[in-house]
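These notes concern the structure reproduced below.
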Amino acid sequence: MGLAPDELAARLQDRFGEAVLGWEENFGEAVVRVLPGALREVATFLKETPDLAFDFFDFATAVDREEAGFELVVEIASLSLGHRLRLKALLPREDPRAPSLTPVWAGANWHERETAEMFGITFEGHPNLAKLLLPEEFEGHPLRKDFVLMAREAKPWPGAKEPGGHE
């Protein structure tokens, strides 16, 4: 069945010490928060350690936590051993950067491109952060909470909180 969430978290804590900021269990899955700079090293360890064998990259995305920054979320699994793990790293709002996981899992490529495009996060070492969904001339990052929707400019949106506005 694979390793239990507390076992996975303990392995990472033992190996990476202070680079592991904490963990929790969510629906039977370990959710481990790590320092952004350690993300690729942690990912490599998870993939290459035989009794962990995280051989499947499921997805990556981000969450705009406003003043706190951007929370990068990476979901991986070991198909051969049957365990899953979610890695999270908090990136600063100004100039958010994280190491690309494409060298570890090729499947990270398009997820990182989309996350870069929608949130403005730079994935250092990514082979080609070209836009994936939006036209090249598009300016801005539409999944940021401070991105002003053009529809709001053309027509008021009653009851909505505007970016930067206070209730």
Side-chain angles (χ1 to χ4, degrees), residues 3 5 8-24 26 29-80 83-148 163-164:
L3 293 175
L8 288 170
R11 290 285 299 276
L12 291 175
Q13 187 73 57
D14 289 346
R15 175 72 169 79
F16 295 100
E18 292 180 5
V20 175
L21 303 174
W23 79 279
E24 63 184 304
N26 189 1
E29 180 178 315
V31 180
V32 179
R33 290 180 290 111
V34 299
L35 290 173
L39 195 57
R40 188 181 302 150
E41 185 181 0
V42 169
T44 302
F45 173 77
L46 289 166
K47 182 178 182 185
E48 294 179 356
T49 303
D51 65 328
L52 298 176
F54 280 89
D55 51 3
F56 181 71
F57 180 91
D58 195 355
F59 72 87
T61 191
V63 178
D64 186 343
R65 298 289 184 202
E66 296 183 284
E67 292 81 24
F70 297 100
E71 185 176 59
L72 183 61
V73 180
V74 176
E75 183 82 22
I76 57 175
S78 172
L79 298 180
S80 58
H83 45 248
R84 298 183 64 79
L85 177 69
R86 186 173 307 136
L87 293 171
K88 292 185 175 185
L90 189 62
L91 310 177
R93 185 150 200 88
E94 296 300 317
D95 194 26
R97 296 178 172 274
S100 173
L101 298 181
T102 303
V104 182
W105 296 287
N109 189 317
W110 281 31
H111 295 267
E112 289 178 356
R113 285 176 61 190
E114 178 182 21
T115 304
E117 185 176 11
M118 295 294 155
F119 290 96
I121 296 170
T122 299
F123 290 93
E124 296 172 331
H126 190 283
N128 180 19
L129 278 178
K131 288 189 176 182
L132 184 64
L133 302 170
L134 300 172
E136 282 300 321
E137 63 275 6
F138 189 90
E139 292 182 22
H141 307 288
L143 291 184
R144 285 185 172 202
K145 290 184 179 174
D146 60 0
F147 183 81
V148 178

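We use all heavy atoms of the structure for the numbers below, so side chains are in, but hydrogens, waters and symmetry mates are not.
In this structure, the separation between CD on Glu41 and CG on Leu35 is 11.0 Å, given to the nearest 0.5 Å. Rounding to the nearest 0.5 Å places CE of Met118 at 6.0 Å from CG of Leu143. Distance check: Leu85 CG to Arg11 CZ gives 12.0 Å after rounding to the nearest 0.5 Å. Taken to the nearest 0.5 Å, the CG atom of Leu87 stands 9.0 Å off from the CG atom of Leu72. Distance CG/Leu101 to CG/Asn109: 11.5 Å, rounded to 0.5 Å. If you take OG1 on Thr115 and NE2 on His111, they are separated by 8.5 Å, rounding to the nearest 0.5 Å.
Among residues two or more places apart in sequence or in another chain, the side-chain hydrogen bond (donor to acceptor under 3.5 Å, both in side chains) test is passed with Asn128 by none. Evaluation of the salt bridge (charged side-chain N to carboxylate O under 4.0 Å, His left out) rule for Glu117 yields no partner, not counting sequence neighbours. By the salt bridge (charged side-chain N to carboxylate O under 4.0 Å, His left out) test, Lys47 pairs with no residue at all, sequence neighbours left out. Taking Glu24 as the reference, nothing meets the salt bridge (charged side-chain N to carboxylate O under 4.0 Å, His left out) condition, with sequence neighbours excluded. Applying the side-chain hydrogen bond (donor to acceptor under 3.5 Å, both in side chains) criterion to Glu114, with sequence neighbours excluded, gives no partner residue.
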*May I have the step-by-step check of side chain to side chain contact (heavy atoms under 4.5 Å, CB included) for Arg65 and Lys145, ending in yes or no?*
CA-CA 8 Å; Arg65 298 289 184 202; Lys145 290 184 179 174; 6.0 Å; no
*Hey, mind stepping through Glu112 and Thr102 against side chain to side chain contact (heavy atoms under 4.5 Å, CB included) and telling me if it holds?*
CA-CA 8 Å; Glu112 289 178 356; Thr102 303; 3.1 Å; yes
*After noting the C-alpha distance and the side-chain angles of Phe70 and Val63, does the key distance pass the side chain to side chain contact (heavy atoms under 4.5 Å, CB included) rule?*
CA-CA 6 Å; Phe70 297 100; Val63 178; over 6 Å; no
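Counting heavy atoms from C-beta outward, Arg15 and Phe45 have side chains that approach closer than 4.5 Å. Two residues are said to be in side-chain contact when any heavy atoms from C-beta on lie closer than 4.5 Å; Leu91 and Ile121 meet this criterion.
Between Leu46 and Leu52, the shortest heavy-atom distance links the atoms O-CB, 3.6 Å. The two residues Phe123 and Pro99 have their closest heavy-atom pair at CD2-O, 4.2 Å. Across every non-hydrogen atom of Ala89 and Pro36, the tightest pair is CB-CA, 4.0 Å. The two atoms that bring Trp23 and Arg33 nearest to each other are N-NH2, 4.5 Å, heavy atoms only. Between Val42 and Phe16, the closest heavy-atom pair is CA-CZ, 3.7 Å. Between Arg93 and Asp64, the shortest heavy-atom distance links the atoms NH1-OD1, 2.8 Å.
The pair Arg86-Glu29 counts as a salt bridge, with a side-chain nitrogen and a carboxylate oxygen less than 4.0 angstrom apart. Under 4.0 Å is where a charged nitrogen must lie from a carboxylate oxygen, and between Glu136 and Lys131 no such pair does.
Under 3.5 Å, the side chains of Ser100 and Glu124 contain no donor-acceptor pair of N or O atoms.
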For residues 54-62, dump all side-chain donor-acceptor pairs below 3.5 Å to protein atoms at least two apart in sequence or in another chain.
from	atom 1	to	atom 2	distance (Å)
Asp55	OD1	Leu79	N	2.8
Asp58	OD2	Arg84	NH2	2.6

